[in-house]
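All chains are named by letter (A, B, ...) in the order of the sequence lines, taking the proteins before the strands, and each is independently numbered beginning at 1. None of the values given here were measured: they were computed from a predicted structure.
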There are 2 protein chains.
Amino acid sequence: MNRPPSPISLAPGAPANAKPSCANCAARRLCLPSHVPLEDYGVFERMVQRRYQLLRGEHLYQMNEPVHDRLYVLRSGHSKTYHLDSDGQQRVTGFQMSGEFLGLDAIGLRQQRGAALALTDCEVCEISHRRLQQAADQSVPVGAWLRTLLSKELSRQQNATQLLRGGRAEQKFAIFLLRLSWCFAERGGMPDSFHLPMTRQEIGDYLGLTAATISRLLLQLKRAACVDACGRDIVVLDHAGLTAFAHGAAAPAQRQRA
Amino acid sequence: MNRPPSPISLAPGAPANAKPSCANCAARRLCLPSHVPLEDYGVFERMVQRRYQLLRGEHLYQMNEPVHDRLYVLRSGHSKTYHLDSDGQQRVTGFQMSGEFLGLDAIGLRQQRGAALALTDCEVCEISHRRLQQAADQSVPVGAWLRTLLSKELSRQQNATQLLRGGRAEQKFAIFLLRLSWCFAERGGMPDSFHLPMTRQEIGDYLGLTAATISRLLLQLKRAACVDACGRDIVVLDHAGLTAFAHGAAAPAQRQRA
DNA sequence: CGTATGGTTGATACCCGTCAACCGGTGTGG
DNA sequence: CCACACCGGTTGACGGGTATCAACCATACG
């Protein structure tokens, strides 16, 4: 874990030693509105207080940190957010990848924020909450963009909720894999071949299952020739079959609840 | 179910035949920013296209309705939102009561909206999406208010997600009751005595359980003298005991994951 | 009075949590 | 260099929590 952090990831075509900015960011397509021309990136650029790198295992922010006035965007890498419940158990609330925002819920200042941890080496943009609000107040397009951002995040969260309500463990896990596949594809990776940034335990915490169950589910999918897996390397062999699992097609007698 | 709809609920002190408005709304404390003086309610008033009443069993909106440009606030009554999954099974995504917004997620236009159904007779304010956006664009305070609203909704949704990840059925149900109690109290009702607007089946759908299980859980809580229940009338006898259930205190051997 | 809906309760099956042992890889210290 | 601990992952045995299915009752409504 002591390898030096990789350099800030730049958009293809940018000189390797360029100063990192929104304009040359490889993830800008994911976190900034697509219709804004490059020369208008100044508004967003000014929100960013600083950019820096995190090593695997470092925290973006800790639980109950006094500074609720920052949010973060992942330029590259993967992270997880989690809470500690009353018994000290970790409960994973989500996984994030490049272009995604962390801390949007803190805008309402209503709920104590959890913690965020880098699952791989990460590059992050730290955004000043205050400057973001100011920009939204002063610029109509920025305000609209922020509203869209919040609303999209709300939809994402609703989707996550749906995943948990879903009945059987295989369904949840299959849906989880499909979404992950889609997320990797959205970022230019192979949709059917990717590397999990998180442990089985973390997947289980996220889905309301256990590491042992995740392991068994993966075995089940391998036996059905839907996926191949070696450690954290996943290959989706049969996308349709996996989708069938996600819809609960593999029910022996009858589906649990749909 | 054929009783005439009750009149639009007015804030205490308002004449009974007053034209309904934000200024005399009994729920204004819940849906409007508290620091805005009554005489500045015009901005909000103008967003409301119309107000009307719904009978129990009527829809606020249906699945995949072409009009995604409206949102709603409940002046009074209770509603549920739900989706139909691939097998035609209803999945309840939430319950709403007076002062709560429905359709905020549609601002992002990212996900097909589900359906919303009145569980009791309701009075609703229909808000024009377009006018809301315009108001947010033109007025800095309205913009900030809308952002706060979205962020709070995000927090609510995250809480709902947490509820589902939680381990055992009794915990989920106990938390559900406690939240409900809190919501009723927030609206001026007795915190320890309320009437459920939804069926056991709907509670089960919402919590990822079945109606039979809900029934048994209620029996369990009654035996523990935590609550008394007659039909949908609930009396919380032992708030601390119920909280203990919510934290998983009633674990025979060991808590599942908390 | 007949029907439909919601609620309760019992018997049974089974999914999945729990506990445990084991293995491979990695980092650490002797 | 090897021994050791530790972590993540796999696999098995076992038990318990819930779903499932069913019958039955109460209530509301035609």
Side-chain angles (χ1 to χ4, degrees), chain A residues 1-3 55-57 80 87 89-90 92 119-120 164-174 195-205 207-223 228-234 245 248 250-258, chain B residues 1-3 55-57 80 87 89-90 92 117 119-120 164-174 195-205 207-223 229-234 245 248 250-258:
Chain A
M1 200 202 279
N2 261 340
R3 58 199 157 107
L55 294 181
R56 175 159 59 107
K80 71 168 177 183
D87 295 12
Q89 281 289 332
Q90 233 184 67
V92 176
L119 293 174
T120 65
L164 289 173
R165 246 183 283 265
R168 277 226 293 304
E170 16 166 327
Q171 296 182 37
K172 295 197 223 174
F173 184 54
H195 184 84
L196 298 175
M198 70 292 279
T199 68
R200 308 283 195 261
Q201 179 67 52
E202 287 164 336
I203 299 175
D205 284 348
L207 296 177
L209 302 168
T210 61
T213 299
I214 298 297
S215 195
R216 275 186 265 262
L217 288 172
L218 204 47
L219 183 63
Q220 192 179 336
L221 290 178
K222 274 158 89 170
R223 275 209 262 263
D228 196 12
C230 178
R232 297 194 187 175
D233 290 312
I234 303 288
F245 267 98
Q254 197 125 19
R255 279 169 250 47
Q256 180 168 349
R257 60 175 35 259
Chain B
M1 200 199 278
N2 261 340
R3 58 199 157 108
L55 294 181
R56 174 159 60 106
K80 71 168 177 182
D87 294 12
Q89 282 288 332
Q90 229 183 70
V92 176
L117 182 83
L119 293 174
T120 65
L164 289 173
R165 245 183 284 265
R168 278 227 293 305
E170 16 166 326
Q171 296 183 39
K172 294 197 226 173
F173 184 55
H195 184 85
L196 298 175
M198 70 293 277
T199 68
R200 309 281 195 263
Q201 179 66 53
E202 286 163 337
I203 298 176
D205 284 348
L207 295 178
L209 302 168
T210 61
T213 299
I214 299 296
S215 193
R216 275 186 262 262
L217 289 172
L218 204 47
L219 183 64
Q220 193 179 334
L221 291 178
K222 276 158 86 171
R223 276 208 262 264
C230 178
R232 296 193 187 175
D233 289 313
I234 304 288
F245 267 98
Q254 198 130 19
R255 280 170 250 46
Q256 180 167 349
R257 60 172 36 259

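- What separates CG of B:Leu217 from P of D:dG17 is a distance of 12 Å, to the nearest Å.
- Taking every side-chain heavy atom of B:Ala169 into account, D:dT18 is the closest of C:dG17, D:dT18, C:dC15.
- Note that the OG1 atom of A:Thr213 and the CG atom of A:Leu207 stand 10.5 Å from one another [nearest 0.5 Å].
- If you take CZ of A:Phe173 and P of C:dC15, they are 18 Å apart, rounded to a whole angstrom.
- With values rounded to the nearest 0.5 angstrom, A:Leu217 atom CG is found 6.5 Å from A:Leu209 atom CG.
- From B:Thr210, atom OG1 reaches atom CZ of B:Arg216 across 7.0 Å, with rounding to the nearest 0.5 Å.
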Are any protein N/O atoms closer than 3.5 Å to N/O atoms in nucleotides 8-11 of chain D? If there are, list each pair with its distance.
unit_1: D:dG9; atom_1: OP1; unit_2: A:Arg232; atom_2: NE; d: 3.0
unit_1: D:dG9; atom_1: OP2; unit_2: A:Arg200; atom_2: N; d: 2.8
unit_1: D:dT10; atom_1: OP1; unit_2: A:Arg200; atom_2: NH2; d: 3.2
unit_1: D:dT10; atom_1: OP2; unit_2: A:Arg200; atom_2: NE; d: 2.8
unit_1: D:dT10; atom_1: OP2; unit_2: A:Ser215; atom_2: OG; d: 2.8
unit_1: D:dT10; atom_1: O5'; unit_2: A:Ser215; atom_2: OG; d: 3.1

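- Partners of A:Lys172 according to the side chain to side chain donor-acceptor pair (under 3.5 Å) rule, which considers only residues two or more places apart in sequence or in another chain, do not exist here.
- The separation between B:Ile203 atom CD1 and D:dA19 atom P is 14 Å, rounded to whole Å.
- Rounding to whole angstrom units, CZ of residue B:Arg56 and P of D:dC29 are separated by 7 Å.
- Atom CG of B:Leu55 is separated from atom P of D:dC29 by 13 Å (rounded to the nearest Å).
- Nearest heavy-atom pair, A:Arg200 versus A:Leu218, reported as atom, atom and distance to 0.1 Å: NH2-CD2, 3.5 Å.
- Between B:His195 atom NE2 and C:dG6 atom P there is a gap of 13 Å when expressed in whole angstrom units.
- Every residue was checked against the side chain to side chain donor-acceptor pair (under 3.5 Å) condition with B:Ser215, not counting sequence neighbours, and none meets it.
- Atom C1' of nucleotide C:dG6 and atom CG of B:Asp205 are separated by 14 Å, given to the nearest angstrom.
- Here the P atom of nucleotide D:dG17 and the CZ atom of B:Phe245 are 13 Å apart, to the nearest Å.
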